[in-house]
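Worksheet: the structure to be examined is printed underneath.
None of these values were measured; they are calculated from a predicted model. Here is the naming used below: chain letters follow the sequence lines, and residue numbers restart at 1 for every chain. Only heavy atoms go into these numbers, but all of them, side chains included; no hydrogens, no water, no symmetry mates.
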Protein chains: 4
Amino acid sequence: MHFSRIGIIVKRDAPAAWQMVVLLTDLLRRQGCSVHIDETAAQSYPAMHEQPACLPQHLLAQAVDLMIVVGGDGTFLEAARNIVNWQRPILGVNLGRLGFLTDIPAADMESRVISVLQGQYETEQRLMLRIRIERNGETCYDQLALNDVVLHKVQMAHMIEFEVAIDNRFVLSQRSDGLIIATPTGSTAYALSAGGPILHPSLEALTLVSINPHSMSNRPIVVASTSRIEIHSSEQRNQPAQITCDGHVKFHLEASDRIFIERHSHVVTMIHPKPHDHFLMLRQKLHWGEKL
Amino acid sequence: MHFSRIGIIVKRDAPAAWQMVVLLTDLLRRQGCSVHIDETAAQSYPAMHEQPACLPQHLLAQAVDLMIVVGGDGTFLEAARNIVNWQRPILGVNLGRLGFLTDIPAADMESRVISVLQGQYETEQRLMLRIRIERNGETCYDQLALNDVVLHKVQMAHMIEFEVAIDNRFVLSQRSDGLIIATPTGSTAYALSAGGPILHPSLEALTLVSINPHSMSNRPIVVASTSRIEIHSSEQRNQPAQITCDGHVKFHLEASDRIFIERHSHVVTMIHPKPHDHFLMLRQKLHWGEKL
Amino acid sequence: MHFSRIGIIVKRDAPAAWQMVVLLTDLLRRQGCSVHIDETAAQSYPAMHEQPACLPQHLLAQAVDLMIVVGGDGTFLEAARNIVNWQRPILGVNLGRLGFLTDIPAADMESRVISVLQGQYETEQRLMLRIRIERNGETCYDQLALNDVVLHKVQMAHMIEFEVAIDNRFVLSQRSDGLIIATPTGSTAYALSAGGPILHPSLEALTLVSINPHSMSNRPIVVASTSRIEIHSSEQRNQPAQITCDGHVKFHLEASDRIFIERHSHVVTMIHPKPHDHFLMLRQKLHWGEKL
Amino acid sequence: MHFSRIGIIVKRDAPAAWQMVVLLTDLLRRQGCSVHIDETAAQSYPAMHEQPACLPQHLLAQAVDLMIVVGGDGTFLEAARNIVNWQRPILGVNLGRLGFLTDIPAADMESRVISVLQGQYETEQRLMLRIRIERNGETCYDQLALNDVVLHKVQMAHMIEFEVAIDNRFVLSQRSDGLIIATPTGSTAYALSAGGPILHPSLEALTLVSINPHSMSNRPIVVASTSRIEIHSSEQRNQPAQITCDGHVKFHLEASDRIFIERHSHVVTMIHPKPHDHFLMLRQKLHWGEKL
């Protein structure tokens with residue numbers, strides 16, 4: 001696919017990011033592309049010879065055929081949640097430490113973006129989660145997540161109790177600090193800190209990782225991505241609990257809430273300049289051993 | 001599918017198993033089935049009114065449309081390796097502690113076998129691994145595994161060093177006591193003791209679990225079942241190493257050996273009397289929490 | 001030591017506990033003991049022929065030579081924090097599931113208490129922690145803990161960053177959900193859920209267990225109980241953080257707070273009716289293997 | 001203490017080590033010290049102007065007041081086992097990667113050895129284990145270990161079953177690949193790969209770490225260094241098992257053997273040039289976080 005209309009989404013409140021946006025805009029125009037930009041950050045956008053059009057993220061998605069995210073993994077995650085339904089491929093330019101999602105280092109931006117515009121790229125599809133919470137028979141929360149949906153305790157010193165069912169079958173009950181339901185993308189994020197396995201991005205799977213479970217025989221579980229997961233908390237105990245999506249979208253649960261998590265109907269298409277090597281990135285970030 | 005020609009494979013050197021075989025043969029004949037039996041154990045077979053025909057396992061597989069394994073998980077694993085290519089469904093009757101694979105308890109044999117003959121069953125497909133080892137350009141070992149292929153050190157007090165590649169891409173090098181490559185079936189066996197995740201049997205995935213890795217940043221990896229895994233050991237170090245398949249088929253490696261592991265072309269079809277609940281079995285065997 | 005003046009501390013808001021207190025008071029008086037009781041729960045105390053004297057816990061401690069705690073481990077922990085400085089031995093009667101600290105099951109109360117009064121008991125000394133927090137050069141928090149002092153994140157989805165020093169030497173910095181500093185007593189509580197080791201109660205040691213550390217090379221550390229531990233959080237990041245003692249006494253940290261944790265000057269003396277077997281309790285509660 | 005008679009123990013079959021020994025001998029003599037050397041490596045010793053006297057390690061220990069080990073941690077461990085009973089302090093010079101025990105890097109040898117001779121050093125006492133195995137009522141094996149005593153399976157694919165008692169009290173039974181009993185010194189060696197905690201060297205404690213335990217509720221235990229540990233294997237199962245000390249001294253067990261492990265009566269005194277910082281070494285070797 002040839003990209004000519006490019007949208008840019010930038011990390012908020014990050015002046016350093018705007019230097020990159022100016023460079024990137026210039027480069028894209030020199031390559032004959034039109035540039036549109038996320039309006040969220042428009043007010044802080046620096047003066048340019050020809051200001052790019054500003055649009056909210058969902059309209060931006062409709063106006064372009066490639067989205068470039070400038071920032072860190074958090075910016076990428078938010079963009080993915082906002083635009084996944086418009087099915088635009090996303091390329092990530094990283095400003096800080098090498099990210100798992102924003103895999104072009106700032107220093108290499110120019111050459112890697114040109115590679116992509118010249119068709120030298122791979123695409124990779126990443127599944128997302130959709131969480132829906134029902135209260136008194138009505139949906140009171142409906143969100144997407146690219147990394148993970150996390151059920152947390154709220155009071156630091158009190159574990160929560162809940163049950164998990166998959167495809168309408170009771171799986172387990174648990175007392176713990178919470179439960180992480182992670183995609184392959186999220187398996188290298190919070191789930192990894194909690195002891196979960198690393199799932200290859202191509203895997204049609206989810207992992208359920210308990211956070212500090214009281215029972216000693218608990219282990220991470222990996223299930224098919226088509227699994228419909230349902231969680232409900234123990235009503236008797238009634239400890240406050242919370243849901244977060246990708247660590248950022250918070251929701252406070254009530255005791256009778258029913259939580260449904262399943263694969264979202266659309267996937268995120270990531271663009272990687274060639275050559276791309278997922279295992280190389282894991283080795284670098286996780287300090288695995290080099291060739292003997 | 002309706003089953004009328006039944007093959008029986010029995011745990012070797014287990015007199016107790018033969019009581020069950022006599023009961024089972026009687027039952028099957030009363031239900032109008034023909035019975036054939038694995039010749040391996042023929043000499044110890046007790047006298048019966050009408051002795052079943054004895055055949056080696058691969059001919060047995062061709063003569064029947066259902067295989068019943070009487071024994072434990074070890075007997076089931078061996079039968080699966082022997083007959084998977086003939087694609088006969090396998091039902092397991094357990095004689096000891098409830099098995100993960102032989103899931104009919106001895107006490108329930110009669111009612112559960114009748115259920116199966118009456119069509120009250122589910123089928124479940126389990127993927128297997130094939131390992132091939134090349135030495136000086138020729139295949140010197142070619143085996144199947146339903147649970148796992150394990151690379152082990154041989155000398156207790158010396159770790160081994162090796163590299164892993166997946167689909168021709170270098171993944172990691174490692175110093176450890178070894179590496180487990182497990183199917184979903186094997187994820188609740190040795191891989192679990194080594195800290196691996198539990199993979200649902202329906203998952204098209206394999207897990208790579210290191211055994212006591214020297215590096216502290218090692219974690220279990222889960223990859224697609226279509227992955228072609230290659231291992232070769234560090235030639236300089238040249239510590240003796242060994243391969244086992246399902247814990248039973250041993251092979252001593254030489255330093256230049258190249259090990260190739262991939263999904264076998266055929267799957268094992270397991271028969272479960274209805275109702276069957278995989279998570280119930282996990283809860284019972286792994287002591288997970290019950291419904292609140 | 002012979003006990004004749006007995007204090008009783010009861011779980012609050014637990015009507016079931018009062019049945020036990022009436023039985024226990026009768027028993028103690030029949031054995032010739034005087035009985036005093038914690039005034040905290042006095043208003044809910046049932047009518048008795050001769051009402052025991054009610055005192056606040058610290059005066060209660062001075063008036064008796066044995067304290068009996070009726071409740072669960074939480075009641076025991078609180079009593080220990082309140083009365084440790086008066087050095088009275090404590091006996092625990094458990095009302096629910098067998099506790100780690102309250103090790104007399106309700107059903108055996110009568111016989112075990114009589115054993116203790118007849119001198120058939122062992123004593124065991126358990127070390128406690130003292131935490132002191134300095135803000136702007138002044139102590140703003142000063143607490144004791146029998147199980148653990150825990151540094152927690154407050155916002156569910158944001159890790160905290162902090163440094164740890166021991167005996168004025170920098171040990172490590174960390175990004176994680178928090179850090180548990182546990183006594184041997186606390187090593188079977190929250191620290192165990194977070195992956196910590198089990199320390200024998202007789203051990204003069206503390207364990208530092210990270211909660212979901214971002215770094216993959218983190219491991220639990222065990223240091224001498226005489227270690228002076230200092231924690232301070234990264235001021236730049238300035239994420240809200242919290243301290244709890246035994247899961248119950250909460251304190252909100254500010255970025256410049258300095259946290260000092262060391263062994264308390266007094267120990268808790270636990271009374272165990274003979275025969276007492278710590279490993280038996282571990283086996284029962286942790287489902288370890290029985291004699292072969 | 002002032003050192004003037006120095007013994008040198010050198011890594012065997014390591015020509016590179018001898019360069020260091022010549023430099024070290026010269027240095028020591030220039031500082032007015034006498035030099036004796038381990039006879040084990042005498043035949044490969046290079047020609048020098050004045051050849052040092054060669055003695056077996058136990059006589060060497062009696063002839064000197066400081067022992068210098070040139071090699072890696074393996075050389076240090078062996079020296080410690082050989083000479084601990086003569087109570088000579090040991091200084092380690094490392095030739096390869098920085099060791100946990102041999103903590104002077106080769107490049108800094110001269111300045112650090114001079115520091116030590118000038119009294120600029122700290123001493124640190126490290127406890128050792130003694131293992132004794134009884135067969136038919138007689139001691140058939142009696143060894144020391146500075147890092148660990150390890151009970152191993154011998155056949156790769158078969159777990160072993162055994163019981164552990166501490167101070168004559170049954171602790172647990174287990175099916176696993178084995179059990180590591182580690183000193184604080186050994187807690188950063190094989191025990192760490194098997195998931196054990198890091199014990200500070202000053203701690204009077206041992207840790208018991210199971211190797212790939214079949215039960216999911218197993219956890220590392222830390223007990224007082226005065227604990228007398230007894231292991232015996234399940235006789236019925238009778239799988240072959242093995243003992244190693246510091247990974248190097250092997251012994252094959254028979255089913256009825258009784259294994260006794262306790263703290264050795266003498267400690268090893270390590271010499272560290274000032275300033276010495278144990279946590280700094282841990283941070284470097286285990287990649288813990290630096291000061292924020």
Side-chain angles (χ1 to χ4, degrees), chain A residues 74 77 97 100 145 147-160 174-180 186 188-198 209-219 239-253 282-283 285-288, chain C residues 74 77 97 100 145 147-160 174-180 186 188-198 209-219 239-253 282-283 285-288:
Chain A
L77 291 166
R97 298 174 288 184
F100 276 107
N147 263 350
D148 47 36
V149 170
V150 183
L151 171 71
H152 302 271
K153 66 178 177 182
V154 167
Q155 289 192 313
M156 275 303 101
H158 292 88
M159 288 188 165
I160 52 177
Q174 178 169 120
R175 236 178 107 212
S176 69
D177 283 352
L179 180 71
I180 304 165
T188 51
Y190 189 45
L192 195 59
S193 290
I198 295 171
V209 183
S210 302
I211 308 175
N212 303 320
H214 185 260
S215 157
M216 302 174 79
S217 62
N218 205 288
R219 289 292 181 280
Q239 305 101 333
Q242 204 177 55
I243 289 283
T244 57
C245 290
D246 292 344
H248 280 282
V249 190
K250 231 180 263 187
F251 185 81
H252 279 274
L253 292 169
L282 286 177
R283 272 199 308 282
K285 295 190 72 80
L286 306 180
H287 306 290
W288 286 355
Chain C
L77 291 167
R97 299 174 287 184
F100 276 107
N147 263 349
D148 47 36
V149 170
V150 183
L151 171 71
H152 300 271
K153 66 178 177 181
V154 167
Q155 289 191 311
M156 275 304 103
H158 293 88
M159 289 187 166
I160 52 177
Q174 177 168 121
R175 234 178 110 212
S176 69
D177 283 353
L179 180 71
I180 303 165
T188 52
Y190 189 45
L192 195 59
S193 290
I198 294 171
V209 183
S210 302
I211 310 174
N212 303 320
H214 185 260
S215 156
M216 300 174 80
S217 63
N218 205 287
R219 290 293 181 279
Q239 304 101 332
Q242 204 176 57
I243 289 284
T244 59
C245 290
D246 293 344
H248 281 281
V249 189
K250 231 179 265 187
F251 185 80
H252 280 274
L253 293 169
L282 286 178
R283 274 199 307 281
K285 296 191 71 82
L286 305 180
H287 306 290
W288 287 356

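- Proximity to chain A involves both the backbone and the side chain of C/K153, based on heavy atoms less than 4.5 angstrom apart.
- Of the listed residues (C/D177, C/V154, C/I211, C/V150), the one with the most heavy-atom contacts under 4.5 Å to chain A is C/D177.
- Remark: A/H158 NE2 to C/T244 OG1 distance equals 9.5 Å, nearest 0.5 Å.
- The line from CG of A/N212 to CG of C/N212 is 5.0 Å long, rounded to the nearest 0.5 Å.
- With a 4.5 angstrom heavy-atom cutoff, A/D246 does not touch chain C via any of its atoms.
- When heavy atoms are compared at a cutoff of 4.5 Å, C/N218 does not approach chain A at all.
- C/M216 contributes atom CE, which lies 5.0 Å from atom CD1 of A/I198 (distance to the nearest 0.5 angstrom).
- Heavy-atom minimum distance, C/S193 versus A/P213: OG-O, 3.2 Å.
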